[in-house]
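Values below: all heavy atoms of this structure, side chains included; hydrogens, waters and symmetry mates excluded. Atoms within each ligand, like the ligands themselves, are counted from 1 in listed order.
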Amino acid sequence: MNITVIGTGFVGVVTAAVYASFGHQVIGLDIDEQKIASLKKAKVPFYEPGLEELLQQQLAANQLNFTTNYETAIKNAQLIMIAVGTPSAPDGQADLRFVFASIKSLAPHLKKDAIVAVKSTVPPGTLNQVETLIGQHTKVNFYTASLPEFLKEGSAVDDTLQPDRIVIGANDQHVFTVLETLHQPFKTSIVKIKPESAQMAKYAANAYLATRITFINQIADLCEKNGADVQDVVAAIGLDSRIGPHYWYPGFGYGGSCFPKDVKELAAYSRAIGESNNLFNKIDDLNEERIPKLMQAVENKVGGWSDKTVAVLGLSFKPNTDDLRESPATKVIPLLLNKGAKVKSFDPMASWQSFFQLKALEPNHTQEKNIPSAVKNADVIISLVEWPQITGFDFTRTKLNKKQWFIDARNQFQPAVLKQAKYHYQGLGRG
Ligand code: UDX
């Protein structure tokens with residue numbers, strides 16, 4: 001099949017490479033010339049395990065091409081997937097201007113009977129607007145679909161190659177038939193539903209997972225006060241087959257490019273349709289309040305930040321990615337600096353300076369190349385992200401002969417081992 005993917009951000013590049021690997025002729029389209037030039041050399045501006053290798057293979061096999069030219073990319077395409085960004089508008093709802101701009105640019109070049117499928121996360125009702133807009137710019141027959149994306153950063157290639165499910169939202173049997181046939185080689189469940197249901201499924205999945213994380217974070221806060229250990233609570237409840245053992249890891253709140261944005265969007269969408277008093281607004285508030293609240297508790301424990309050297313370990317929002325969007329470090333580090341601490345950070349992959357581009361490191365913040373130099377002289381060590389390089393490090397070797405706090409924000413360490421090494425250990429919900 002001739003497939004064009006519009007938008008070569010995270011989702012677009014992974015999608016283009018994976019569908020090419022299934023033997024389709026894929027074109028990745030973006031208006032950013034520089035991005036396209038580097039993608040043609042299999043270079044991506046972010047770290048995602050296995051992606052550059054897959055790009056190299058597919059480019060070499062001529063299954064995959066990249067262009068900035070709409071006519072070239074669209075005129076032979078049987079399926080066009082829209083994977084452009086949907087940033088948040090000031091009222092919190094999804095800003096769809098890039099979706100509509102790409103639709104206007106592609107529509108005049110559409111081949112007869114092409115399917116335009118929206119992968120970007122958009123609110124229910126958007127496909128009707130897309131359909132009207134295309135109709136205004138073409139005379140050929142066309143179809144539309146909603147194809148929400150569920151991949152996770154850090155395992156995006158595997159998630160796309162082996163998805164838990166493919167959700168196809170459409171109003172037309174022809175679209176279901178074509179897209180079902182396309183996805184049969186993925187050997188997974190295919191859910192065929194209305195576009196509005198597909199769009200709600202995407203928001204519901206992310207909002208549910210964000211709720212689950214917020215729930216266990218709240219349980220951890222209670223455990224902290226009553227002497228229970230949240231890890232034991234998780235082990236106990238996880239054996240209930242209705243609950244399950246996964247995705248229950250407490251921490252400094254959820255981050256990344258999806259959960260915070262999608263929950264805010266669902267909350268704003270709820271408000272816009274008159275459902276303001278629902279769970280999603282509360283979940284968002286609780287997540288926003290989490291880091292200031294936890295950091296205040298840590299500050300009280302360590303006795304203020306003004307004279308402290310703090311090692312912050314883990315800058316990305318989770319392991320196996322260099323993405324700092326909504327990462328705990330982006331909130332913790334400014335807070336520490338504002339309160340007069342000296343910060344030494346470390347991350348195996350993410351760079352603070354390149355993420356914030358022109359904004360140089362603050363005078364009191366240095367990003368160190370390894371853990372030993374980050375923890376040198378530290379009064380407080382905060383392990384924020386469960387990178388294996390951090391959780392596998394033997395901190396008993398670097399213990400200094402002075403009072404040192406160890407804040408285990410993801411409960412990844414053995415409290416007894418660190419306490420025996422004379423750290424003042426503080427996990428989450430380990431009362
Ligand atoms: C998420 C969804 O999982 C994915 O299906 C969707 O398409 C995009 O959003 P991603 O943001 O890449 O993917 O990461 P994920 O691994 O789900 O983690 C999101 C956030 O939740 C991270 O900040 C992570 O640290 C946090 N988290 C996750 C917890 O705090 N506890 C958990 O138990 C799990």
Side-chain angles (χ1 to χ4, degrees), residues 9-12 14-15 18 46-49 51 83 85-86 94 119-122 147-160 162-167 188 198-199 201-221 230-231 233-235 237-238 243-266 283-284 286-288 290-291 294 313-332 347 350 383-387 390-391 408-412 427-429:
F10 194 82
V11 170
V14 174
T15 304
V18 167
F46 48 83
Y47 170 66
E48 182 59 38
L51 183 57
T86 51
K119 264 207 160 306
S120 310
T121 302
V122 294
L147 263 185
E149 180 53 63
F150 298 96
L151 60 78
K152 301 184 289 300
E153 292 189 28
S155 56
V157 173
D158 285 345
D159 288 349
T160 312
Q162 289 141 17
D164 288 339
R165 77 302 211 181
I166 299 284
V167 176
T188 188
Q199 288 148 349
K202 169 67 194 253
Y203 279 118
N206 278 357
Y208 170 71
L209 294 169
T211 306
R212 195 169 157 108
I213 295 164
T214 307
F215 174 88
I216 204 64
N217 284 338
Q218 300 253 287
I219 294 291
D221 290 353
V230 69
Q231 299 307 131
V233 176
V234 167
I237 62 174
I243 296 176
H246 303 297
Y247 224 80
W248 277 133
Y249 317 115
F252 271 33
Y254 55 78
S257 63
C258 286
F259 286 173
K261 180 175 168 296
D262 289 357
V263 173
K264 280 183 204 305
E265 275 175 30
L266 193 57
I283 295 295
D284 179 41
L286 289 169
N287 199 58
E288 289 289 334
R290 185 147 186 82
I291 287 179
L294 290 177
L313 307 180
L315 295 174
S316 56
F317 82 96
K318 66 174 193 178
N320 292 320
T321 176
D322 58 1
D323 195 344
L324 273 88
R325 284 177 287 178
E326 297 287 326
S327 78
T330 60
K331 293 162 190 175
V332 166
D347 192 283
S383 172
L384 277 180
V385 181
E386 64 278 26
W387 277 99
I390 298 170
T391 59
D408 181 6
R410 303 290 302 181
N411 287 350
Q412 295 289 312
L428 268 193

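Rounding to the nearest 0.5 Å places CG of Asp408 at 9.5 Å from OG1 of Thr391. Going from atom OG1 of Thr214 over to atom CG of Leu209 covers 10.5 Å, rounded to the nearest 0.5 Å. Atom CD1 in Ile283 sits 6.5 Å away from atom OH in Tyr254 (nearest 0.5 Å).
Contact annotation: for Arg290 versus ligand 1, there are no heavy atoms closer than 4.0 Å. Only the side chain of Lys318 comes within 4.0 Å of ligand 1, counting heavy atoms alone; its backbone N, CA, C and O stay farther away. Counting heavy atoms closer than 4.0 Å to ligand 1, residue Leu151 contributes backbone atoms (N, CA, C, O) but none from C-beta onward.
Remark: distances from the non-hydrogen atoms of Arg410 to ligand 1 include one below 4.0 Å.
Every atom of ligand 1 with a heavy atom of Cys258 under 4.0 Å away is listed here by number and element: 8 (C), 9 (O). Taking every heavy atom of Glu153 and a limit of under 4.0 angstrom, the matching atoms of ligand 1 come to 12 (O). Interface of Phe317 with ligand 1, defined as ligand atoms under 4.0 Å from a residue heavy atom, comprises 11 (O), 12 (O), 14 (O), 22 (C), 23 (O), 25 (O). Applying the 4.0 Å criterion to heavy atoms of Trp248 picks out, from ligand 1, the atoms 33 (O). Per-residue contacts place Glu149 under 4.0 angstrom from the following atoms of ligand 1 (heavy atoms of the residue considered): 7 (O). Residue Tyr254 approaches ligand 1 through these ligand atoms, each under 4.0 Å from one of its heavy atoms: 20 (C), 21 (O), 23 (O).
Atom CZ of Phe215 is surrounded by 12 or fewer heavy atoms from other residues, nucleotides or ligands within 6.0 Å.
In terms of protein heavy atoms, atom 5 (O) of ligand 1 is closest to Phe150 O, 2.7 Å. In terms of protein heavy-atom proximity, atom 27 (N) of ligand 1 is nearest to Ile213 CD1, 3.3 Å.
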Exercise for review: I would like to know whether Ser383 and Gln412 meet side chain to side chain donor-acceptor pair (under 3.5 Å); could you show each step before the answer?
Suggested key: CA-CA 9 Å; Ser383 172; Gln412 295 289 312; over 6 Å; no
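Taking all heavy atoms of Ala156, Gly255, Gly253, Gly154 into account, the minimum distance to atom 20 (C) of ligand 1 is reached by Gly255.
Using a cut-off of 4.0 Å between Lys/Arg side-chain N and Asp/Glu carboxylate O, Glu386 and Lys318 are scored as not salt-bridged.
For the pair Arg290 and Gly253, the tightest heavy-atom approach, listed with the atom from each and the gap, is CD-N, 3.7 Å.
Under the salt bridge (charged side-chain N to carboxylate O under 4.0 Å, His left out) rule, Glu149 has a single partner from Lys119, Arg165, Lys202, which is Lys119.
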